[in-house]
Amino acid sequence: GANHYERDLRALIDDYRTQPQQPTVLIATSPTVKSTSWTINDAVVTGEIAPLQRRVAAELGLGLIDMNEVTKGHPDYYSDGVHLNNDGYAVAAAAMQKGVQQAVTRIRRFAVSNATDRADTNAASKMKIACVGDSITAGSHASGAAFYYPTQLQQLLGDGYEVKNFGVSGCTLMNSG
């Protein structure tokens with residue numbers, strides 16, 4: 001249930017935050033659900049999961065991309081009630097771009113304010129973005145790879161970024177269940 005989901009979400013975040021590269025972690029809430037499929041329903045996603053994701057992001061001081069809010073009231077973004085269609089993936093990519101750019105602004109502001117403490121050795125390297133998720137991240141029900149939100153995010157962010165898609169259809173965040 002929700003307790004296991006929260007435990008596993010926090011464990012996943014902790015795994016990323018303790019990497020030697022010290023990545024910035026952003027949380028995207030789950031999109032709304034237009035109609036129940038595969039036991040996935042909006043009462044759970046919007047009523048339980050998205051609020052939990054928002055709370056965990058706030059408690060851990062993480063950036064939040066509220067895909068649930070962006071997709072709310074837009075049944076036209078869905079192909080089958082759960083998965084996005086090409087229009088929905090475009091909206092997702094734009095929301096992700098905004099969230100990434102806000103995070104990058106905060107990172108750069110911090111780097112500039114601490115410039116006397118350390119040199120920025122990564123100024124010439126690309127910023128790496130790992131999109132980790134389920135079938136929506138993987139691009140299920142899109143017309144092709146060009147429509148997956150990570151692919152569109154790469155196009156929106158440009159050459160200064162390297163966006164990778166680590167979405168796996170049929171997977172959930174939970175370690176078991």
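Only this structure's heavy atoms are used, side chains among them; waters, hydrogens and symmetry mates stay out.
- By the side-chain contact (heavy atoms from CB on, under 4.5 Å) test, Gln22 is found to be paired with no residue, residues two or more places apart in sequence or in another chain being considered.
- Here the shortest heavy-atom pairing between Gly139 and Tyr89 reads C-OH, 3.3 Å.
- Residues forming a side-chain contact (heavy atoms from CB on, under 4.5 Å) with Val44 (at least two apart in sequence, or on another chain): Asn41, Glu48, Ile49.
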Side-chain donor-acceptor pairs of residues 94-101 under 3.5 Å, sequence neighbours excluded:
residue: Gln97; atom: NE2; partner: Leu156; partner atom: O; Å: 3.4

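- Looking at every heavy atom in both residues, Leu64 comes nearest to Ala57 through CD1-CB, 4.1 Å.
- Side-chain contact between Leu26 and Leu62 is absent, with no heavy-atom pair separated by less than 4.5 Å.
- Heavy atoms only, all atoms of each residue included: Ala92 and Leu84 are closest at CB-CD1, 4.1 Å.
- For the pair Arg10 and Arg55, the tightest heavy-atom approach, listed with the atom from each and the gap, is NH2-NH1, 3.9 Å.
- Legend: ring pair (Phe, Tyr, Trp, His ring centres under 6.0 Å) pairs involving residues 45-83, not counting sequence neighbours, sorted by first then second residue: Trp38-His83, His74-Tyr77, His83-His141.
- Evaluation of the side-chain hydrogen bond (donor to acceptor under 3.5 Å, both in side chains) rule for Ser35 yields no partner, not counting sequence neighbours.
- Looking at residues two or more places apart in sequence or on another chain, you find no side-chain hydrogen bond (donor to acceptor under 3.5 Å, both in side chains) involving Gln152.
- Annotation: side chain of Ile136 is in contact with side chain of Pro31 (closest heavy-atom distance under 4.5 Å).
- Without hydrogens or angle criteria, Gln154 side chain to Val163 main chain gives a donor-acceptor distance under 3.5 Å.
- Sorted by first and then second residue, the salt bridge (Lys or Arg N to Asp or Glu O under 4.0 Å) pairs involving residues 73-96 (not counting sequence neighbours) form an empty list.
- Using modelled atom types, no side-chain atom of Gln102 and backbone atom of Arg106 make a donor-acceptor pair closer than 3.5 Å.
- Taking 4.5 Å as the limit, some side-chain heavy atom of Met127 sits within range of a side-chain heavy atom of Tyr161.
- Here the side chain of Thr151 pairs no donor or acceptor atom with the backbone of Phe147 at under 3.5 angstrom.
- Tested against Ile27 for a side-chain contact (heavy atoms from CB on, under 4.5 Å), the candidates Val56, Leu9, Ile65 yield a single pass: Leu9.
- Put simply, Val70 and Leu153 are part of the same group of oily side chains (I, L, V, M, F, W, Y) that touch within less than 4.5 Å, one to the next.
- Under the salt bridge (charged side-chain N to carboxylate O under 4.0 Å, His left out) criterion, Arg17 pairs with no residue, sequence neighbours left out.
- A distance of 11.5 Å separates CZ of Phe166 from CD1 of Ile129, quoted to the nearest 0.5 Å.
- Scanning for side-chain hydrogen bond (donor to acceptor under 3.5 Å, both in side chains) contacts around Gln21 gives an empty result, with sequence neighbours left out.
- In this view, Ser169 and Ser140 satisfy the side-chain hydrogen bond (donor to acceptor under 3.5 Å, both in side chains) rule, not counting sequence neighbours.
- When all heavy atoms of Ala28 and Met67 are compared, the closest pair comes out as CB-CG, 4.1 Å.
- Between Glu6 and His4, every side-chain heavy-atom pair lies at or beyond the 4.5 Å cut-off.
- Proximity of Gln53 to Ser30: side-chain heavy atoms (C-beta onward) are separated by under 4.5 Å at one or more points.
- Applying the salt bridge (Lys or Arg N to Asp or Glu O under 4.0 Å) test to pairs two or more places apart or on separate chains, those with a residue in residues 61-73 are Arg54-Asp66, Glu69-Lys72.
- Side-chain atoms of Tyr149 and Cys131, non-hydrogen and from C-beta on, do get closer than 4.5 Å to each other.
- In this structure, a donor-acceptor pair under 3.5 Å is absent between the side chains of Thr32 and Asn68.
- In this structure, the separation between NZ on Lys126 and CD on Glu162 is 6.5 Å, given to the nearest 0.5 Å.
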